[in-house]
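Contents: one structure, followed by commentary.
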Amino acid sequence: MDSLQHIKKELSTTQVIALGFLATILIGAFLLFLPFSSADGHSTPFVDCLFTSTTSVCVTGLVVVSTASHWSFFGKIVILILIQLGGLGIISITTGVMIVIGKRITLRDRLLLENALNLDKLSGLLKFLVRIFKGTFIVEGAGAICYSFVFIPEYGPVRGIWYSIFHAVSAFCNAGLDLLGDDSLVRYQVNPWMNFVTIFLIVSGGIGFIVWWDLLDNFKKVFHKDLSLKHGIQKLHVHSKITIITTLSLIFGGALMILLLEFNNTGTIGNFNFFQKIMASIFQAVTLRTAGFMTFSQSALRSCTVIICLFLMFIGGSSISTAGGIKTSTLAVLVLSTRATIKGNDHLVVFRKTIPHKTVTKALAVSMVSVLVLISATFLLQIVEGGSLLNVAFETTSAIATVGLSRDLTSTLHFAGKLIIILCMYLGRIGPISMAIFFSNTKNTHLASYPHEDITVG
């Protein structure tokens, strides 16, 4: 008890996040290491168990052994639970662990959580948690029902329901793990129902819980005639407007680029009809935003398309969501602040609201840290594994942004390469979150004031 009290006093909130993810990963790895977790009844090498647990908790989707054939039913249940915990990790590990272990919520923690989770009081933590769980299970349940129309006729009632639940959770949590074999959703590449149900789940999980509530709250007022549709849209918070606009721009802009660049590539979408090409391009643009499912081989993409993919993966989804990456709002703030600087504006004004300068510096800090980690990881993996630099960069970007797509490199990784990707997935899941929280409220108060002196940049 004394040691627990000591831990509660010593650990910062950021450390609780990092250690919470790490503890979940290690517990998952030990469960997967048990002989009855594998289909053949033998223990899986621990590094592969650690890799699988990390990719599940960090909702990435990169795998070194087949999820469909290597693991037993028990092992798949463990993976499903890890995915669900990982998808809700921002909430369940940031707030749930703090409450469960009885960590005292200090004034600094309250201010931190207010900025990070859009809360303003401790009583809101439990309400926030319950609302997240309810919304998540409703959307996942709806997704499972939609999937069942395909999986039950194909696999029968029991297996079909199991497949529907697993893939609904995996898609909503942007995990990208599946039970269909090594080809992911390739067999359903021209099936509109499977494509658009999966797209809906991925976007729902990646758009951000704050945006959910803002949309629901305002459209309830529109439905009850308290607001017109125009005023309902105008009443949305700036965060929601920026997130929605950036998300739609990345999806449709990315899809257009993929469609144009891959139009005649028979290795990807070249053999599809025009509607199927559009559908496959939209799916690719969506899954690159940290989901990890695929409907065609990533190794067949043209090099110019891979560059577009790297950009979309690095940006990822939205804040306070199941997605990874530096986030859509971060990109928007960087672009808008650059535009404001070019126009000679002293303040960043969006939708007649002034964005605080600390938000701009936070966006810059998160982006720079992510870039440095990405460059370092790519350099190390290239040294260890060799091969195409483009494939290595694709792999590390996919891991850091918790995407889960690969150009057939994951299955060939050696021991050191696996450890590098494990670290990338872990840092990708907690790094941007922790850095964002850190820069939200960590302040150094200087009693002395120093003279100003400018420097020349650019």
Side-chain angles (χ1 to χ4, degrees), residues 12-15 17-18 90 94 106-120 208 210-211 237-247 249-250 311 313-321 323-377 397 400-402 427-458:
S12 68
T13 305
T14 303
Q15 289 170 328
I17 297 171
I90 298 172
T94 305
T106 64
L107 177 60
R108 178 179 177 278
D109 292 330
R110 289 173 184 269
L111 293 173
L112 183 150
L113 290 169
E114 178 184 356
N115 271 330
L117 304 179
N118 199 32
L119 300 173
D120 57 4
I210 294 175
V211 178
H237 294 132
V238 172
H239 171 82
S240 299
K241 292 177 182 177
I242 287 177
T243 297
I244 293 169
I245 292 171
T246 308
T247 297
S249 300
L250 289 171
F311 172 75
M313 288 194 294
F314 185 71
I315 301 307
S318 303
S319 299
I320 317 300
S321 73
I326 65 168
K327 305 299 188 290
T328 52
S329 54
T330 302
L331 173 67
V333 167
L334 293 177
V335 171
L336 292 170
S337 62
T338 301
R339 178 174 174 268
T341 300
I342 292 172
K343 293 179 68 175
N345 298 332
D346 293 330
H347 302 286
L348 176 56
V349 178
V350 184
F351 297 112
R352 299 183 179 180
K353 301 286 186 178
T354 300
I355 306 299
H357 179 67
K358 68 176 183 178
T359 301
V360 178
T361 57
K362 181 172 68 176
L364 179 62
V366 169
S367 300
M368 285 301 299
V369 169
S370 298
V371 168
L372 290 173
V373 171
L374 176 59
I375 292 172
S376 301
T397 306
I400 290 169
T402 68
L427 290 177
R429 190 61 177 134
I430 70 161
I433 298 170
S434 298
M435 292 304 295
I437 292 175
F438 178 81
F439 284 108
S440 290
N441 281 290
T442 300
K443 297 180 181 179
N444 292 318
T445 303
H446 296 283
L447 298 179
S449 178
Y450 298 97
H452 291 266
E453 185 171 342
D454 202 1
I455 63 173
T456 301
V457 296

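Just so we're clear, the structure is a prediction, and the values are computed from it rather than from any experiment.
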Quick one: pull up [atom1] in [X] and [atom2] in [Y] and give me the separation to the nearest 0.5 Å.
X	Y	atom1	atom2	answer
Ile315	Ser249	CD1	OG	12.0 Å
Lys241	Thr246	NZ	OG1	13.5 Å
Leu364	Thr359	CG	OG1	12.5 Å
Lys327	Ser370	NZ	OG	8.5 Å

Restricting to non-hydrogen atoms, name the atom on [X] and the atom on [Y] that form the minimum distance, rounded to 0.1 Å.
X	Y	answer
Thr402	Ala323	OG1-C, 4.4 Å
Ser329	Ile242	CA-CG2, 4.4 Å
Ala363	Val333	CB-CG1, 3.9 Å
Ala377	Ile400	CB-CD1, 4.1 Å
Thr328	Gly316	CG2-O, 4.0 Å

Side-chain contact test, heavy atoms from C-beta onward, threshold under 4.5 Å: evaluate it for [X] versus [Y] and give yes or no.
X	Y	value
Phe314	Leu331	no
Leu348	Thr354	no
Ser319	Thr243	no
Val238	Ile355	yes
Leu374	Thr397	yes
Ser367	Leu334	yes

